[in-house]
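Comments concern the structure below.
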Amino acid sequence: MKPILTWEQNGNTLILNGELDRDTLPAFWQQRNQLLKGINAINVSQLSHIDSTGLAMFVRLKSEQRSENKLVFEGISERFKTLIRLYKLESFIN
């Protein structure tokens with residue numbers, strides 16, 4: 001079965017659901033500017049899988065943010081925290 005990534009907006013939070021990997025990322029990436037307008041938080045608690053490509057996307061989104069609009073990540077699972085630690089990105093993601 002082909003992996004799928006969906007998203008929905010709830011107020012100022014974008015909720016990601018499904019798998020975030022090299023196969024599912026392009027659809028999100030193409031729409032990211034529109035999807036992230038007015039978004040202050042990305043909730044990742046509904047993601048069943050995140051690979052290093054997904055992590056790289058979050059790093060890129062954080063680096064592109066404006067200082068007046070701090071983007072935070074909510075619902076980071078223990079598995080995702082482990083991936084963050086492996087790449088020594090704790091201070092960058094949090």
Side-chain angles (χ1 to χ4, degrees):
M1 188 162 115
K2 186 177 178 181
I4 189 166
L5 174 67
T6 61
W7 49 83
E8 66 179 279
Q9 185 174 346
N10 184 359
N12 292 342
T13 301
L14 187 66
I15 303 166
L16 300 180
N17 192 333
E19 297 183 20
L20 180 58
D21 59 23
R22 67 184 183 99
D23 295 323
T24 62
L25 183 120
F28 178 86
W29 191 252
Q30 291 174 355
Q31 301 176 57
R32 76 186 182 284
N33 291 330
Q34 182 178 6
L35 291 171
L36 295 174
K37 283 184 182 174
I39 296 296
N40 297 331
I42 298 178
N43 186 301
V44 297
S45 65
Q46 301 301 309
L47 289 174
S48 58
H49 175 75
I50 304 170
D51 70 2
S52 58
T53 307
L55 177 59
M57 181 195 77
F58 291 132
V59 169
R60 176 78 182 263
L61 292 176
K62 280 288 262 196
S63 70
E64 290 178 347
Q65 75 183 5
R66 294 190 172 101
S67 60
E68 69 272 5
N69 185 23
K70 289 286 186 184
L71 184 64
V72 298
F73 299 100
E74 300 174 342
I76 298 175
S77 69
E78 287 303 314
R79 291 180 79 184
F80 189 30
K81 285 179 185 177
T82 299
L83 185 61
I84 291 166
R85 280 192 295 271
L86 285 171
Y87 286 94
K88 300 181 191 259
L89 293 169
E90 298 93 341
S91 63
F92 194 76
I93 294 295
N94 297 323

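- With rounding to the nearest 0.5 angstrom, the CG atom of N43 is 9.0 Å from the CG atom of N10.
- Summarising the geometry, atom CG belonging to L36 is positioned 9.0 Å from atom CD belonging to E64; distances are rounded to the nearest 0.5 Å.
- The side-chain heavy atoms of F58 and I76, taken from C-beta on, include no pair separated by under 4.5 Å.
- The backbone N or O of W29 sits less than 3.5 Å from a side-chain atom of R32, completing a donor-acceptor pair.
- For the pair I42/L61, a side-chain contact is recorded, criterion being any heavy-atom separation below 4.5 Å from C-beta on.
- Contact annotation: the side chain of T82 approaches that of R85 to within less than 4.5 Å [non-hydrogen atoms, C-beta and beyond].
- Smallest separation of non-hydrogen atoms from G38 and N12: O-OD1, 3.3 Å.
- For the pair E90 and I84, the tightest heavy-atom approach, listed with the atom from each and the gap, is N-CG2, 3.6 Å.
- Annotation: the span from Q34 atom CD to I39 atom CD1 amounts to 11.5 Å, rounded to 0.5 Å.
- Remark: K37 NZ to L14 CG distance equals 14.0 Å, nearest 0.5 Å.
- Atoms NZ and NZ, from K62 and K70 in turn, are 6.5 Å apart once rounded to the nearest 0.5 Å.
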Checklist entry - Under the side chain to side chain contact (heavy atoms under 4.5 Å, CB included) criterion, do L20 and F80 qualify, and how do the steps go? => result CA-CA 11 Å; L20 180 58; F80 189 30; over 6 Å; no

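- No side-chain heavy atom of L5 sits less than 4.5 Å from a side-chain heavy atom of L25.
- Judged purely by atom type and a 3.5 angstrom limit, Q9 uses its side chain to pair as donor or acceptor with the backbone of G11.
- A 4.5 Å side-chain heavy-atom check between T53 and D21 finds every atom pair outside the cut-off.
- The shortest side-chain heavy-atom distance between L55 and Y87 falls under the 4.5 Å cut-off.
- Side-chain contact between Q46 and I15: present, with at least one pair of heavy atoms (C-beta onward) separated by less than 4.5 Å.
- Atom CG of L47 and atom CZ of R79 lie 12.0 Å apart (nearest 0.5 Å).
- Judged by distance alone, the side chain of T24 and the main-chain N or O of E19 form a donor-acceptor pair under 3.5 Å.
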